Each structure stands twice: as structure tokens, then as C-alpha cells.
Amino acid sequence: MYDYLIVGAGLFGAVFAHEATAAGKRCLVIDKRDHIAGNIYTEEIEGIAVHRYGAHIFHTNNQEVWDYVNRFARFNRYTNSPVANYKGELYNMPFNMNTFNKMWGVITPAEAQAKIEAQRAEHYTEHPRNLEEQAINLVGMDIYEKLIKGYTEKQWGRPCTALPAFIIKRLPVRFTFDNNYFNALYQGIPEEGYTALVANLLQGIEVRLNTDYLADRAALDALARKVVYTGPIDAYFDYKLGTLQYRSVRFETEVLDMPNYQGNAVINYTDAETPYTRIIEHKHFVFGSTEPGTKTVISREYSAEWKPGDEPYYPVNDEENGALYARYKELADAQPQVLFGGRLGEYKYYDMDRVIEVALQRVREELA
Ligand code: FAD
Ligand code: UDP
């Protein structure tokens, strides 16, 4: 008999299992995949740590979370600085003086601000109700059209006018020459890959892979006093109120016989016509990895509408799905013997640091 059956060996499940075990609880972690680490899984191909489910850069402002992850992995000092390719024109991301200089030839912050102000004045919306209005308010029409519209509509499969404004507020706008994509105090990539980080969290804890909770629910429930469920909340309830929408992503990964394909870890293709959203070159997440004569691994990332059976990646946080989630949440709250957590269990667009923060909070409440 276990105290906790933890469904999902991703970051949420692993942090929860680690803390509960440290407090003397018996945990069994299961995952339907054939590996641990959930979506942050990295695997070695040609000696390069490949992020199988998309590029993951750890970044946080939370000192406790940063100290916590550093107990389980050593982080390098990688700083994410994606480049946007719009029909062959290259722009630095996020929106900063390098971007503004390339876009308009402006030299000083005052000139850049004046340019954006002029564009804003033309199209300003007092209370932006959607991503398009919010983006134009933030950076003006030129940047919206070249760097935001095509990318966002490919990523989400919906027009920018039908997407919530908050998605674009994630991106910094800076009047300095700083290409750091994140405003976080701390940033990096685990030197040994994320799988090793999760393996360290799960050290000494029983893990059963290739085990689908929903396929054998009664027998698995009987093993533990309580369940921590980090899969999709609607699947837990057999979709009885309807299906929550997700965006899915398909990765086309290729090993290339060259040392350096694109010179950067992340290049976003921001036009509407290129079918993929970005190309990741995994070796550039690590320093000093462009020696001549070696191979490289790239992944083209295609965004796709999700249907049951596909991997769910991004919750679609619009009103309709938010309302449906709220109804599932009521069902979940009526089941105190199951704790729903993580990106899928809570249907939230969580970064890794938030997942850790919330998992630590929940396990503390649970053990109090
Ligand atoms: P998951 O990692 O999805 O783990 C859930 C686990 O539950 C999975 O392993 C799944 O197989 C298992 N499971 C589901 N159902 C069942 C079942 N029925 N039975 C058994 N097991 C089940 N965050 C950042 O901080 N920085 C980034 O750069 C970043 N980039 C991202 C890029 C992409 C493309 C995506 C999609 C996300 C990105 N994130 C990033 C977010 C990050 O992936 C998540 O915050 C984190 O992985 C969530 O962890 P989790 O444990 O909640 O979920
Ligand atoms: N975005 C954009 N152009 C880019 C990169 C991002 O318009 O070149 C927008 C897009 O709407 C995206 C949002 O910014 O959904 C957040 O981007 P981020 O890279 O944070 O998304 P992630 O893939 O990490 O979830």
C-alpha cells in the first residue's frame, strides 16, 4: 500500500514525489510513456542533448525555485536570444533596440520610442480585448505584421483577434540593446539534460513506465490512499462535459552532417507561409559545441490542432475553454482523494518554474 499514487513522471509529479518521500511517505510514480521527465525529456543523439518535446529554457525570478533546481542539476549560463526570420530578413528577439534599428534604422532609444508612439497613435485601442490590439499597443503595426501576426496565427491556429491579450504580454519590449528573451533573474539549461534532473528528483522512488492510469484505474487506485493526477483533467473525467482544446506540436528532427546549421539555438519563422514556427538547433543550448567536422541535430516545429489521442501541449486559454475548465474544476474539487496538478491537470500555461512553485506549495499543504 502506498500513500500516494502519482500519475505522471513529469516535473510536477517528480517534485511532489520527491518531497512526499522526503517526508516519509511511500510513493508510486507511473507514466504512460516509456520514459520519465514528461515534456522536459531530453535524449542523447550524436552526443547532443535533444529536447524531444520542444526547446526548454529554465528561467525564474523565484530564488527558492532556483535554489531548489540547483540541488538536482548543475545549470549552464545559457541565455535565450532567438532570432526571427521574416522572409529572409533577420531580427533579434525579443523586441529591443537591435530589432528597432533593423526595422526602422533608428539609432537611439528616443528615436525608437517616437517611432512606436507614432504607430501606436494611429491604431491605439484603449482597452485591448485581444492579442492583435494588445500587440499593436505594445510595439506598433510594423512589428506586429512582420514578427507577431504570422508566428502567432501559426502557433495557435486562430486569428490574433480571437486570442487573449495576455499571451503577448509574456514578451519583453526593451529600449536597450539586450537580446535576452527573458526578464528573469536566473536562467540556464541543466548541463546533463533535463532527464537527469528529473532522475535525481526521483532517485530511490518506485517508477512504473508504460502504465496508463486511465486504462487500469480501479486496480491502480486500490494501491494508494491518495492520487496525484498530472494528466489532462478532461480525460480523467472521461470527457463527460466535453473536450478541452489544446494545441499540439509536431517535431521533425534531423541529424545533419555539418557542424553548425543556423548559428543559434532558436530561429523563429514569423511569416505566414513557412509551414513551421521555428527551427531548434539543439547543440547551441550548450557552449563551445560548434567544432568543425561534427554533426548537428535540428528540429522543425510544426504547430497543429489537437485531437484526442495526440499529445496535448498548450492549453488554449480562451473564454470558452476557461469556462469548460471551471466546470471540470468543480468536479475535481468534489474529489478530495485526488489532487490535480501541473500543466494538464490544471489546464494552465505554466512554465517550469511555476510548476515547481505550485508543486512545492501543494505538497506542503498536503503534508501539513
Ligand atoms: P508534463 O511534463 O506534461 O507531465 C505530465 C506527465 O503525465 C506526462 O509524462 C504524461 O505522459 C503523463 N500522463 C498523462 N496522462 C497519463 C495517464 N493517463 N497515465 C499515466 N501517465 C500519464 N517552460 C519553461 O519554463 N521554459 C520553456 O522554455 C518552455 N518551453 C516549452 C516549450 C513547449 C513546446 C511546451 C509545450 C512547453 C514549454 N514549457 C516551457 C512548459 C513546460 O513544458 C511545462 O511547464 C512542464 O513540462 C509541465 O510539467 P508537468 O509535470 O505539469 O506536465
Ligand atoms: N511570439 C511572436 N513572435 C515570435 C515569438 C513569440 O509573436 O517570434 C508571440 C506568440 O504569440 C507566442 C507568444 O509570443 O504565443 C509567447 O511566446 P513564447 O516564446 O513565450 O511562447 P512559448 O512557445 O514559450 O510558449
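Because the structure is a prediction, the values reported are computed rather than measured. Just so you know, ligand 1 is whichever comes first in the structure, and atom 1 is the first atom listed for that ligand.
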[atom]: nearest protein contact (heavy atom, Å):
atom: atom 38 (C) of ligand 1; answer: His56 NE2, 3.2 Å
atom: atom 33 (C) of ligand 1; answer: Tyr314 OH, 3.4 Å
atom: atom 19 (O) of ligand 2; answer: Tyr181 OH, 2.7 Å
atom: atom 16 (C) of ligand 1; answer: Lys32 CD, 3.9 Å
atom: atom 32 (C) of ligand 1; answer: Ala55 O, 3.6 Å
atom: atom 25 (O) of ligand 1; answer: Met352 N, 2.8 Å
atom: atom 18 (N) of ligand 1; answer: Asp212 OD1, 2.9 Å
atom: atom 2 (O) of ligand 1; answer: Asn39 N, 2.9 Å

Using 4.0 Å as the upper bound for N to carboxylate O, is an ion pair formed by Arg364 and Glu64? yes
Please confirm whether Val249 approaches ligand 1 to less than 4.0 Å, judged on its heavy atoms.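 No heavy atom of Val249 comes that close to ligand 1.
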Is it true that Phe58 lies under 4.0 Å from ligand 1, counting heavy atoms only?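 The answer is no: ligand 1 sits nowhere under 4.0 Å from a heavy atom of Phe58.
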Ring centre gap for [X] and [Y] strictly below 6.0 Å:
X: Tyr347; Y: Tyr246; answer: yes
X: Tyr53; Y: His35; answer: yes
X: Phe72; Y: His18; answer: yes

Closer than 3.5 angstrom, by distance alone: can the side chain of Asp178 be matched with the main-chain N or O of Asn180 as a donor-acceptor pair?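 Yes.
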How does Leu147 reach ligand 2, by side chain, by backbone, by both or by neither, if only non-hydrogen atoms under 4.0 Å count?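 For Leu147, the contact with ligand 2 is made by the backbone alone.
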State whether the shortest distance between N or O atoms of [X] and N or O atoms of ligand 1 falls below 3.5 angstrom.
X: Tyr53; result: no
X: Ala9; result: no
X: Gly231; result: no
X: Arg278; result: no
X: Gly341; result: no
X: Tyr229; result: no
X: Gly54; result: no
X: Arg343; result: yes
X: Tyr350; result: yes

Give the minimum heavy-atom separation between Asn101 and Val106, together with the two atoms involved.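 That closest heavy-atom pairing would be ND2-O, 2.9 Å.
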Region of [X] engaging ligand 1 - heavy atom pairs below 4.0 Å:
X: Thr211; value: backbone
X: Val355; value: side chain
X: Ala235; value: neither

Under 4.0 Å from any heavy atom of Thr270, which atoms of ligand 2 are there?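 Every atom of ligand 2 under 4.0 Å from some heavy atom of Thr270: 8 (O).
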Within ligand 2, which atoms have a heavy atom of Arg278 less than 4.0 Å away?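 Once the distances to Arg278 are compared, the set is 23 (O).
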Between the candidates Tyr236, Tyr313, Phe12, which shows the shortest non-hydrogen contact distance to atom 36 (C) of ligand 1? Tyr313
Report yes if Tyr151 has an N/O atom closer than 3.5 Å to an N/O atom of ligand 2; otherwise report no.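 Not met; the criterion fails.
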With heavy-atom distances below 4.0 Å as the criterion, list the atoms of ligand 1 near Ile40.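 Counting atoms of ligand 1 from 1, those under 4.0 Å from Ile40 are 47 (O).
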If we count only non-hydrogen protein atoms and require a distance under 4.0 Å, does atom 9 (O) of ligand 1 qualify as touching the protein?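 When distances to the protein are checked, atom 9 (O) of ligand 1 has a heavy atom within 4.0 Å.
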